[in-house]
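Below is one structure; the comments refer to it alone.
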Amino acid sequence: MRRLGFLLLVCGVLAAAGARAADWQVADADREAFARPLDGLTDAERERFFHGRSLFNQSWVVAPAKDEQVDGLGPLYNRLACISCHARNGRGLPPDGPDERMQSMLVRLSVAGRGPHGGPRPHPAYGDQFNEEGIPGVPGEGRVRLGWIESKRRLADGEVVSLRRPTLAFTELGYGAIGKVLTSPRVGQQVVGMGLLDAVPAQTLAALAAERKPDGVKGRVNRVWSPETAALEAGRFGYKANMPALRAQIAGAFLGDLGITSELHPIENCTAVQSACRQAPNGGTPELSARQLDDVEFYLAHLAVPARRNTDSEVVRRGEALFAASGCAQCHRPSLSTGASPRFPRLAGQTIAPYTDLLIHDMGPGLADRRPDFAASGREWRTPPLWGIGLTQTISEQQRYLHDGRARSLAEAILWHGGEAKVARRRFEALPASQRRALLAFLESL
């Protein structure tokens with residue numbers, strides 16, 4: 001009866017979410033489905049939206065340059081543009097083997113202990129992110145070779161699924177031996193709906209964490225440092241919910257991925273031993289103006305989410321019920337509500353269907369990167385939003401899931417779930433093949 005009651009609750013909130021879909025969704029399912037603005041923007045707002053998009057798509061150049069609005073790349077960086085890791089605003093892809101370069105993936109670094117404000121402690125020579133590229137005169141930090149180890153998982157009905165996990169090797173190191181280091185490879189995440197998630201009140205996250213849940217599911221709020229308020233706040237973005245707000249996420253990515261400074265991160269990403277990096281010319285102080293940061297934030301905040309598809313399909317409806325009955329919806333919450341949003345009022349008071357609780361959960365040893373991040377342990381990860389996940393093949397031309405892109409299908413992604421999700425995973429494994437296909441068809445409809 002308890003499981004049935006939970007199922008009825010989930011179906012009820014799903015219906016509530018669908019009632020206001022027009023406020024934040026668009027009925028697109030093509031390769032540009034993640035690039036549409038919210039309906040109803042004024043002409044001035046659309047101009048701002050498209051200016052933000054141009055900056056997100058912009059290839060930044062080395063300073064000094066003729067166009068001073070887009071110079072300041074590096075001195076150390078991974079890619080030339082935000083869109084490089086979020087092609088068509090979708091998911092990044094890992095290399096298929098060690099001879100392939102990382103194109104939309106990066107590696108987080110840290111060493112034992114805590115860094116400033118309680119976050120990860122950066123590597124003394126290589127910082128908190130491995131940057132393979134450097135501008136002329138500044139050596140890049142080296143190369144990362146990523147390989148895969150395959151294993152097999154046999155399900156209850158005899159079906160065998162191949163799983164893989166990554167291995168990392170650092171080569172051509174530019175600043176000495178890397179030594180004992182904690183690493184975490186990460187592919188770029190899809191960026192739709194971020195403004196709506198930013199507008200979910202912190203009190204809602206605290207209430208979700210305080211709920212008593214079955215099957216050993218808990219969930220915690222990651223408390224992280226905000227460069228805007230200079231205080232600890234609820235984390236909600238990033239694979240470990242290590243960013244408190246959309247603006248902080250954007251500024252952190254500009255610095256870490258492109259080497260572009262901003263008012264939130266005014267110092268270049270050079271370590272003490274990287275002398276050429278520290279002496280390189282810059283593109284202004286800061287390199288990303290407050291207006292540019294505002295417009296990129298406006299763009300990402302007002303990207304619409306594609307509407308669900310095939311909702312009248314009997315198979316999809318059956319899969320939706322199985323998703324709830326298996327316990328998946330305890331973390332992948334189908335309904336949240338946004339609160340006040342003074343800067344972006346269109347995002348306020350919305351009932352949304354992101355399929356996340358934005359909390360961190362222990363996902364077991366199989367997914368552990370053993371790299372703590374503020375309050376998150378090496379086994380804890382933020383529940384990723386599932387809206388738009390059914391368009392992954394269309395947008396990215398391949399299906400790659402989880403933080404390091406190891407899963408080549410939604411079934412593989414589910415089978416890596418452990419820890420607090422172990423009971424739900426076992427229910428999925430025990431389903432007959434036809435019911436597993438129905439559950440996956442539901443996910444494909446999102």
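Any value given below was found using the heavy atoms of this structure, including those in side chains, with hydrogens, waters and symmetry copies removed. The structure presented is a predicted model; accordingly, all values stated were derived computationally and were not measured.
Summarising the geometry of Leu76 relative to Pro139, their closest heavy-atom pair is CD2-O, 3.2 Å, with the distance given to 0.1 Å. What you find for Ser326 and Arg427 is that their closest heavy atoms are O-NH1, 3.0 Å. Between Ala430 and Ala156, the shortest heavy-atom contact is CA-CB, 3.9 Å. Shortest non-hydrogen contact noted between Asn78 and Glu132 is OD1-N, 3.3 Å. The shortest non-hydrogen separation linking His403 to Tyr239 is CA-CE2, 3.4 Å. Nearest heavy atoms, Leu109 versus Arg371: O-NH2, 3.0 Å.
Screening Glu412, Glu159, Glu429 for a salt bridge (charged side-chain N to carboxylate O under 4.0 Å, His left out) involving Arg153 leaves a single residue, Glu429. Across Arg379, Arg108, Arg186, a single residue satisfies salt bridge (charged side-chain N to carboxylate O under 4.0 Å, His left out) together with Asp369, and that is Arg186. In summary, of the residues considered (Asp295, Asp294, Asp198), a salt bridge (charged side-chain N to carboxylate O under 4.0 Å, His left out) with Arg247 occurs for Asp294 alone. When each of Arg220, Lys240, Arg370 is tested with Glu380 by the rule salt bridge (charged side-chain N to carboxylate O under 4.0 Å, His left out), just one qualifies, namely Arg220.
In this structure, the separation between CG on Asn222 and CG on Leu205 is 11.0 Å, given to the nearest 0.5 Å. Distance check: Ile83 CD1 to Gln58 CD gives 12.0 Å after rounding to the nearest 0.5 Å. The CG atom of Leu208 sits 11.5 Å away from the CD atom of Gln203 when rounded to the nearest 0.5 Å. One finds the CD atom of Glu397 at 12.5 Å from the OG1 atom of Thr392 (value rounded to the nearest 0.5 Å). Here Gln292 contributes atom CD and Ile250 contributes atom CD1; the two are 12.5 Å apart, rounded to the nearest 0.5 Å. Atom CD of Glu141 sits about 9.0 Å away from atom CD of Gln129, to the nearest 0.5 Å.
With salt bridges taken as basic N to acidic carboxylate O contacts below 4.0 Å, one links Arg145 and Asp99. Checked for salt-bridge contact, Arg408 and Glu150 meet the test: a charged N lies under 4.0 Å from a carboxylate O. Using a 4.0 Å cut-off between a side-chain N of Lys or Arg and a carboxylate O of Asp or Glu, Arg437 and Glu444 do not qualify as a salt bridge. The residues Arg143 and Glu133 are annotated as salt-bridged, a charged nitrogen and a carboxylate oxygen being separated by less than 4.0 angstrom.
Within the 4.5 Å cutoff, the side chain of Pro372 has heavy atoms near those of the Leu182 side chain. By the 4.5 Å heavy-atom criterion applied to side chains, Arg317 and Phe442 are not counted as neighbours. You'll find the side chain of Glu268 reaches within 4.5 Å of the side chain of Thr261, heavy atoms only. Residues Leu80 and Leu258 fail the side-chain proximity criterion, which asks for heavy atoms closer than 4.5 Å. Within the 4.5 Å cutoff, no side-chain heavy atoms of Leu55 are placed close to those of Leu293. Contact check for Asp373 versus Pro120: side-chain heavy atoms found under the 4.5 Å cut-off. Taking the side chain as every heavy atom from C-beta outward, Val316 and Arg308 approach each other to under 4.5 Å.
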Determine whether Leu336 and Tyr355 satisfy the following criterion, side chain to side chain contact (heavy atoms under 4.5 Å, CB included), listing intermediate values before the conclusion. CA-CA 8 Å; Leu336 292 175; Tyr355 293 88; over 6 Å; no

Could you go through Leu386 and Thr356, starting from their C-alpha distance and side-chain angles, then the distance that decides it, and tell me whether this counts as side chain to side chain contact (heavy atoms under 4.5 Å, CB included)? CA-CA 7 Å; Leu386 298 184; Thr356 179; over 6 Å; no

Decide side chain to side chain contact (heavy atoms under 4.5 Å, CB included) for Leu38 and Leu347; before the verdict, give the C-alpha distance in whole Å, the side-chain angles of both, and the deciding distance to 0.1 Å. CA-CA 10 Å; Leu38 292 176; Leu347 308 180; 3.6 Å; yes

Residues Arg91, Ile389; criterion side chain to side chain contact (heavy atoms under 4.5 Å, CB included); working and verdict: CA-CA 9 Å; Arg91 299 169 188 274; Ile389 199 168; 3.4 Å; yes

Verify ring pair (Phe, Tyr, Trp, His ring centres under 6.0 Å) between Phe254 and Trp60, making sure each step is shown before the conclusion. CA-CA 10 Å; Phe254 263 99; Trp60 293 74; 5.8 Å; yes

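Other residues, nucleotides and ligands contribute more than 12 heavy atoms inside 6.0 Å of the CZ atom of Arg343. Atom CZ of Arg318 has more than 12 neighbouring heavy atoms from other residues, nucleotides or ligands inside a 6.0 Å radius.
Ring pair His302/Phe344 is perpendicular by interplanar angle, where above 60° counts as perpendicular and below 30° as parallel. Between Tyr126 and Tyr175, the ring planes are perpendicular. Angles over 60° get that label, and only those under 30° would be called parallel. Using the six-membered ring where Trp is involved, Tyr299 and Phe56 have ring planes that are tilted, between 30° and 60° apart.
Note that Arg406 lies in the cation-pi zone of Trp416, set by a 6.0 Å cut-off to the ring centre and a 45° limit from the axis.
Judged by distance alone, the side chains of Asp357 and Thr383 do bring a donor and an acceptor atom under 3.5 Å apart.
The ring of Phe49 has its center no closer than 6.0 angstrom to the ring center of Phe298.
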